[in-house]
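A quick write-up on the structure given underneath.
First the proteins, then the strands, lettered A, B, ... as listed; each starts at 1.
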Protein chains: 2
Amino acid sequence: MTGGPGPPTLEQVAALAGVSRATVSRVVNGSPKVSPAVRAQVERAVAKLGYVPNRAARSLVTRRADSVALVVSEPHARFFSEPFFAGMVRGVSAALAETGVQLLLLIAQDLPDRGWLERYVVGGHVDGVLLASLHGDDPLPGTLERAGVPAVLIGRPVDQAAPGSYVDADNRGGAGKAVGHLARRGRRRIATITGSLDMGVGQDRLEGYRDGLAAAGLAGAGELVETGDFTEEGGAAAMGRLLERPGDPVDAVFAASDLMAAGALRALRAAGRRVPEEVAVVGFEDSAVARYAQPPLTTVRQPIEEMGRQATRLLLAQVAGEAGGMHLILDTELVVRASA
Amino acid sequence: MTGGPGPPTLEQVAALAGVSRATVSRVVNGSPKVSPAVRAQVERAVAKLGYVPNRAARSLVTRRADSVALVVSEPHARFFSEPFFAGMVRGVSAALAETGVQLLLLIAQDLPDRGWLERYVVGGHVDGVLLASLHGDDPLPGTLERAGVPAVLIGRPVDQAAPGSYVDADNRGGAGKAVGHLARRGRRRIATITGSLDMGVGQDRLEGYRDGLAAAGLAGAGELVETGDFTEEGGAAAMGRLLERPGDPVDAVFAASDLMAAGALRALRAAGRRVPEEVAVVGFEDSAVARYAQPPLTTVRQPIEEMGRQATRLLLAQVAGEAGGMHLILDTELVVRASA
DNA sequence: TTGAAAGCGGTACCAA
DNA sequence: TTGGTACCGCTTTCAA
């Protein structure tokens, strides 16, 4: 390129266009107070030099970081497993791409220490924070709230009354649909394998299960609850306990995640139970696991990419000064496959 | 905290510690030329104020961005499917966490335009670039090379002679192992479903297949090759074509990805062929799909997280001035399950 | 070993 | 509408 070493600067563009730095800055930032002739002149210089503004310099003066952090609180991200994470990142990235805002990925597990994370995000080094797969009593949302840092949770917090915005799937409604589907197929002994109950998502899916039973007039079966932890192992173990229960055998299981449903499938196979003939199984998420399970899993699809996208929109709006405290619940969809 | 509005600055730390900004800077950056007493004094002030250096200001003067970009070239990332992507990001993130370097995620598909990407990464806005799942004739590696921007590819480029560093799995060796395993199990009509042949990974796995046949004295079966594209659909279609071939039926298939193997499984089921009795199937990657397929897939595990980690190490070394042109090939491992 | 001061590349206020 | 200029927070000579 033209000019000295390193990338071109505003100064160089100004020199080439024969105007001042201030004018180039206005053009670059789309200020209306520039005559068309000068604007064209400057734009030509920008193009010729391949000028891209220096973010560091700009951030320094505007005091905006032009970046948002996506904090993934391991180890719970693991429970949601990979497709969840990848889809979310894709949604966030897509929403951000339209703006000039960068995505800073912070995987809590990998960080030097928790204190650093807190100081970093409240220290004005990012404009806002996206928090995913939060553990029940995580203090970070509160810290951010107090520090006045815009934040949006992906997945509702355990504390219903907590301030702050979140985006979530309609976990309760989705779970209800799943159970309703099982009931309509004539199942009467419908069990559930719950997720971690210290997460909003785990609680909501359990509530939805109960809603579904009640709607079908099956509320009496409320005992058929086993606690899982969103992992495949946990799902298999819970299914094992369900099979050992005395009394009439279970004829259907709603697992609060596809991974747990896959575990249940394994346990059922080991016990010689046929799916769906003897026991119908429904999962939640519609991840790859559901499609490749044998039999393929009937499941509740959550629009994870869209959740990432909407959370980002909400966050950017807050950064721009709009009010927080929004709760956005996205619809789920029952995907019927062979397992139920 | 103490002090004025906004996060604490060097100036404030200096005032509190009763020293100059220069001294605080030295302490923060670990310069040896500071007396222990002063150092302790400053460290106390830093802790008290919760001081975190302002990256923008630092970048501006050091001319380092303290960030690296991970460029994922869609749509091919899709073929590698989600687990690949998630694992890689995790590895990169883990390696970066130890240093102070940030990860900037650029999903090419989402970007405003290709020109922007090029200008951005060569414009000194990142210290280095990680390039993943590259399409055959992508000009980006060459552009980076010419601009002197450190870069490391994850997955070798099609052009063997291209300059630059890369990290890859031993695709050829892994494919060879897979075919060797099939041969040892007595299979004689071993077919392969290839990946996209405009990617290094697709080519290498095909070569490995041929190596394996040759080693087993089965080279004559070299005709049993169908081209796929790393997708499940592609795998199913290729398997269909294999089944329609005249002559002795195929008794084993090596698919160059788990996703394609899953597609093959589907096609075989549709055709009423039993796996592994009539046709054995082996995949590549050891993703979740392999574990949940029915029957579970024998596959070749590639250490994707480790690939991300090593690529990052290589990149940081280059940023620090070490030579490029490294080729790091990580070992693969055969994971035997029920499908073969 | 420490401090003073000159920028790094932008933005935005104030004048012209 | 345009230009001059004072910072933004930090690093890094250069002197003391």
Problem - Member of Val92(A), Val152(A), Val129(A), Leu70(A) meeting the side-chain contact (heavy atoms from CB on, under 4.5 Å) criterion with Leu315(A) - result: Val152(A)
Handout entry: Partner residues of Arg119(B) under the salt bridge (Lys or Arg N to Asp or Glu O under 4.0 Å) criterion, sequence neighbours left out
Key = none
Completion exercise
Nearest heavy-atom approach of Gln310(A) to Leu330(A) is CG-CD1, 4.3 Å
Practice task
Output every pair passing salt bridge (charged side-chain N to carboxylate O under 4.0 Å, His left out) with a member in residues 55-64 of chain A, not counting sequence neighbours, ordered by first then second residue.
Solution key: Arg64(A)-Asp66(A)
Do any N or O atoms of the protein come closer than 3.5 Å to N or O atoms of nucleotides 3-7 of chain D, and which pairs are they?
unit_1 : atom_1 : unit_2   : atom_2 : d
dG3(D) : OP2    : Ser20(A) : N      : 3.0
dG3(D) : OP2    : Ser20(A) : OG     : 3.1
dG3(D) : OP2    : Thr23(A) : OG1    : 2.5
dG3(D) : N7     : Arg26(A) : NH2    : 3.3
dG3(D) : O6     : Arg26(A) : NH2    : 2.6

Fill in the blank from the handout: note: Arg64(B), atom CZ; dC10(D), atom C1'; distance rounded to Å ~ 12 Å
Completion exercise
Tightest non-hydrogen contact, residues Ser59(B) and Ala65(B), listed as OG-O, 3.7 Å
Practice task
Find the bend of the helix from dT1(C)-dA16(D) to dA16(C)-dT1(D) as the angle between its two terminal axes (five pairs each), to the nearest 10°.
Solution key: 40°
Practice task
Check whether any side-chain heavy atom of Ile154(B) lies under 4.5 Å from a side-chain heavy atom of Leu131(B), and answer yes or no.
Solution key: no
Fill in the blank from the handout: Residue set satisfying salt bridge (Lys or Arg N to Asp or Glu O under 4.0 Å) with Glu43(A), at least two apart, ordered chain then number -> none
Handout entry: Nearest heavy atoms of Ser31(B) and Val34(B), plus distance in Å
Key = O-CG2, 3.9 Å
Practice task
Indicate yes or no: at least one non-hydrogen side-chain atom of Val126(A) is less than 4.5 angstrom from one of Val68(A).
Solution key: no
Completion exercise
Only residue of Val28(A), Thr9(A), Val46(A) satisfying side-chain contact (heavy atoms from CB on, under 4.5 Å) with Pro53(A) is Val28(A)
Exercise for the section: Round to a whole Å and report the spacing from NE2 of His125(A) to P of dC8(D). Expected result: 17 Å
Practice task
Measure the shortest side-chain to side-chain distance between Leu104(A) and Tyr120(A) over non-hydrogen atoms and say whether it is less than 4.5 angstrom.
Solution key: yes
Handout entry: 5' priority, DNA chain D, between Lys33(A) and Tyr51(B) [closest heavy atom]
Key = Lys33(A)
Exercise for the section: Anything under 4.0 Å to a heavy atom of chain B counts; send over the first and last such nucleotide of DNA chain C, read 5' to 3'. Expected result: dT1(C) to dG9(C)
Practice task
Take the protein atom CZ of Arg63(B) and the nucleotide atom C1' of dT12(D), then report the distance between them rounded to whole Å.
Solution key: 13 Å
Handout entry: Touch class at under 4.0 angstrom, heavy-atom based, for Thr9(A) against every strand present
Key = sugar-phosphate
Problem - Separation of atom CG in Leu60(A) from atom P in dC10(D), rounded to whole Å - result: 9 Å
